[in-house]
Amino acid sequence: MSKLDVITIGRSSVDLYGAQVGGRLEDMGSFNKYIGGSPTNIACGAARLGLKSGLITRVGHEHMGRFIREQLQREGVDVRGVKTDPARLTALVLLGIRDEDQFPLIFYRENCADMALSEDDIEEAFIADARALVATGTHLSNPRTEAAVLKALRFARAHGARTALDIDYRPNLWGLAGHDAGESRYIESDAVTRKLQGTLSLFDLIVGTEEEFHIAGGSTDTVAALRAVRALTPATLVCKRGAKGAVAFAADIPDNLDDGEMGPGFPIEVFNVLGAGDGFFAGLLRGWLDDESWPKALEYANACGAFAVSRHGCTPAYPSWEELQFFLKRGIKVKALRHDAELEQIHWATNRSGDWSECRVFAFDHRSQLEQMDGYTLAKGGAFKELCLEAALEVQGGKPGYGILCDNRIGRRALHAASGSGLWIGRPCEWPGSRPLSFEPELGADCGTLGEWARENVVKVLCFCHPDDDAATRAAQEESVKRLFEASRRNNLEFLLEIVASKVGAVDDGTTATLIRQFYAAGIYPDWWKLEPLASAAAWDAACRAIEEHDRYTRGIVVLGLDAPEAELAASFRVAAGFPLVKGFAVGRTIFAEVARTWFKGGMSGEAAVAEMARCYRRLCEIWDEARAVAREKAA
């Protein structure tokens with residue numbers, strides 16, 4: 001069997017989407033950065049739907065090119081066909097949402113990297129690895145890129161792969177409109193019609209809007225245009241008709257478009273049409289490559305298009321397979337899909353990137369504990385946290401499944417240095433020891449400075465709470481946690497909630513589970529839970545069941561240390577490791593406390609401090625891994 005389901009070929013860009021909605025592009029003051037370009041979007045959308053997808057394109061040898069490559073990998077797209085161009089810049093697109101009908105955009109594509117794609121970039125072995133190849137029309141507009149596309153199509157057909165065309169007609173990318181006309185979707189051109197018609201026979205599936213079939217067929221009468229295309233190819237033609245849905249023609253074109261094969265439509269609010277066609281194509285591919293009927297494939301496609309038009313951005317809007325199945329089964333509850341809380345939770349949880357099935361975390365986000373040590377100064381505190389990071393990286397050694405917790409107030413240099421290291425990075429928000437919960441002042445009253453955080457940072461908050469808390473205390477703390485949770489989601493940051501009850505009151509096997517249910521009832525869905533070591537398997541079972549009842553997509557649990565000695569932690573690990581929802585630990589003072597006290601007083605060199613903390617951290621990792629291995633053996 002082929003290793004890939006589909007490869008797309010063509011343009012790739014960085015989309016800079018205006019964050020403000022309802023005004024001119026001229027007046028937008030901030031932008032969200034996404035990957036873009038029709039084949040890039042389709043490859044990502046297909047991957048989200050469970051297809052194994054790859055992309056053939058070029059990116060620049062710079063930060064934006066690396067962003068595209070890394071984001072494709074996060075989305076699960078095979079990047080063997082993504083070439084780096086040392087001489088050209090990655091394409092950029094500026095986009096905005098003015099209203100329901102106007103979506104201004106500017107293409108920055110002068111001599112860009114993807115338009116330098118050449119025949120030399122096309123590798124037969126890669127093409128032979130796929131069941132299908134999808135080309136887009138823009139790359140037929142230039143002799144060099146056209147030659148690359150045609151070579152890829154020859155390889156695909158030689159190896160028995162299916163072939164598909166997204167007409168993807170943008171007049172200004174064919175040189176027919178000015179830079180300010182990026183929004184334009186149709187300008188008549190005999191030259192473009194001839195160019196497209198010269199390739200139509202190479203495809204098994206051709207997809208376009210009515211305007212795109214007008215250019216392909218050389219007529220503004222849609223039926224006549226479709227018949228002109230049919231005269232050149234036996235391919236199935238799928239015509240997108242906006243609010244009317246889409247229709248497929250596997251044979252002759254009828255007099256009435258409504259007589260083709262159709263799938264159900266979805267009457268939702270139109271918020272942003274940009275990228276909707278690419279989401280549609282991804283859904284269509286899932287049905288087509290699964291050999292579903294055309295009505296079923298169009299149902300997938302229409303639903304994916306509905307998600308796209310209801311959300312901000314292109315690729316970020318596309319659904320996962322789990323999300324799509326949930327939506328098709330449950331139906332529309334809120335026409336503005338981005339305001340459907342249940343659906344958005346599934347969208348968020350099933351489209352997170354990164355494998356954190358194991359998470360061994362060195363926690364040195366402590367602030368008050370260090371500030372109370374003899375010899376502490378802010379400068380020395382920051383320097384010590386850099387030593388902690390050095391120890392963490394030594395143990396990690398480039399391997400997956402390791403992380404840190406580090407603050408910004410004392411540990412800013414270490415926090416920033418950790419970026420891009422492959423470590424899981426948690427960052428605290430609570431004011432140390434506060435109850436009722438309050439936040440670090442730098443966070444702002446509205447948690448607004450989360451917008452400045454690196455996107456790989458996980459928002460962590462510790463809440464001292466207990467089921468016996470009075471109503472006012474409980475309400476105040478839940479309000480604070482929810483405000484931070486919602487701000488985290490707005491800024492696309494994962495959220496970790498740490499709850500500690502044993503410092504507040506007596507605990508039993510049900511205490512933590514009760515607290516977990518209370519936070520879910522308040523509308524708070526953490527990506528991660530950080531829980532104190534529970535005394536029994538019954539307590540762990542109750543906590544895990546409380547989480548799974550509300551969120552089966554959660555990242556999981558990490559166990560905190562509470563400055564426990566190694567032997568005590570080992571015992572707690574042995575109990576916790578028997579529960580798959582527990583992914584690892586987040587331990588700090590057990591690793592660094594004695595070292596810090598000695599180092600701050602000048603009794604230990606930095607090199608010795610790193611060596612000792614690395615030894616302790618490595619030992620805890622070994623203890624956890626051993627406990628997990630034993631638990632898996634018992635389960636087997």
Side-chain angles (χ1 to χ4, degrees), residues 359-397 402-415 417-418 421 423-428 430 432-433 460 462 464 498 500 502-503 530-533 558-577 584-627:
C359 205
R360 311 164 190 87
V361 178
F362 179 7
F364 50 90
D365 58 324
H366 304 68
R367 286 141 287 164
S368 59
Q369 294 90 340
L370 292 182
E371 291 166 339
Q372 293 166 9
M373 289 184 180
D374 290 343
Y376 170 86
T377 65
L378 180 59
K380 290 179 71 174
F384 181 74
K385 295 204 173 192
E386 290 182 80
L387 297 178
C388 292
L389 174 61
E390 190 176 337
L393 291 171
E394 180 180 319
V395 175
Q396 177 213 24
Y402 294 81
I404 63 169
L405 277 166
C406 182
D407 65 292
N408 187 61
R409 176 151 55 90
I410 299 172
R412 177 175 301 177
R413 290 177 64 88
L415 181 69
S421 65
L423 290 168
W424 179 96
I425 303 171
R427 180 172 166 181
E430 75 279 352
K460 172 257 180 184
L462 163 58
F464 293 98
E498 177 179 359
V500 173
S502 64
K503 303 294 185 182
K530 187 180 177 191
L531 304 179
E532 54 189 322
V558 290
V559 186
L560 61 96
L562 292 178
D563 200 18
E566 183 182 293
E568 192 174 314
L569 280 178
S572 71
F573 285 0
R574 284 193 291 272
V575 178
F585 62 84
V587 172
R589 284 173 289 172
T590 304
I591 298 171
F592 75 74
E594 283 302 318
V595 173
R597 279 189 280 268
T598 304
W599 184 84
F600 279 128
K601 291 188 292 187
M604 177 181 286
S605 69
E607 184 178 83
V610 170
E612 178 60 15
M613 289 190 292
R615 185 195 67 79
C616 293
Y617 179 32
R618 185 179 290 109
R619 177 61 184 148
L620 283 180
C621 293
E622 291 168 353
I623 292 171
W624 171 260
D625 291 344
E626 289 166 5

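Values below: every heavy atom of this structure, side chains too, minus hydrogens, waters and symmetry copies. None of the values given here were measured: they were computed from a predicted structure. We're numbering straight along the sequence, starting at 1.
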Derivation and outcome, salt bridge (charged side-chain N to carboxylate O under 4.0 Å, His left out), residues Arg615 and Glu394: CA-CA 10 Å; Arg615 185 195 67 79; Glu394 180 180 319; over 6 Å; no

For a quick test of your reading: what N or O donor-acceptor pairs under 3.5 Å do the side chains of residues 558-577 make, sequence neighbours left out?
from, atom 1, to, atom 2, distance (Å)
Ser572, OG, Leu569, O, 2.8

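Thr590 contributes atom OG1, which lies 10.0 Å from atom CZ of Phe585 (distance to the nearest 0.5 angstrom). Here the CZ atom belonging to Arg427 is positioned 8.0 Å from the CZ atom belonging to Arg412, to the nearest 0.5 angstrom. With values rounded to the nearest 0.5 angstrom, Glu607 atom CD is found 8.5 Å from Glu390 atom CD. Interatomic distance, Cys621 SG to Glu626 CD, rounded to the nearest 0.5 Å: 11.0 Å. Taking CZ from Arg618 and CD1 from Ile591, the interatomic distance works out to 11.5 Å, rounded to the nearest 0.5 Å. Interatomic distance, CD of Glu498 versus CD of Glu532, reported as 8.5 Å (0.5 Å rounding).
Taking both residues in full, the closest heavy atoms of Cys406 and Ala414 are given as SG-CB, 4.1 Å, listed atom of the first, atom of the second, then distance. Here the shortest heavy-atom pairing between Ala614 and Ala391 reads N-CB, 3.8 Å. Nearest heavy-atom pair, Gly588 versus Phe362, reported as atom, atom and distance to 0.1 Å: O-CE1, 4.2 Å. Closest approach of Ala609 to Trp599, counting heavy atoms only: CB-CD1, 4.1 Å. Across every non-hydrogen atom of Ile410 and Tyr376, the tightest pair is CD1-OH, 3.3 Å.
For Ala418, the side chain to side chain contact (heavy atoms under 4.5 Å, CB included) test picks out Leu389, Ile404, Ser421, Ile425, with sequence neighbours left out.
With hydrogens and angles ignored, the 3.5 Å screen pairs a side-chain donor or acceptor of Lys385 with a backbone N or O of His366. Checked by atom type and distance alone, the side chain of Tyr617 never pairs as donor or acceptor with a backbone atom of Gln396 at under 3.5 Å. Remark: the backbone N or O of Asp365 is paired with a side-chain donor or acceptor of Arg367 at under 3.5 angstrom.
Using a 30° and 60° split on the angle between ring planes, Phe600 and Phe384 fall in the tilted class, from 30° to 60°.
The one candidate from Lys460, Arg409, Lys530 that meets the salt bridge (Lys or Arg N to Asp or Glu O under 4.0 Å) condition with Glu430 is Lys460.
Between Arg619 and Cys616, every side-chain heavy-atom pair lies at or beyond the 4.5 Å cut-off.
If you look at Phe592 and Phe364, their ring centroids are not closer than 6.0 Å.
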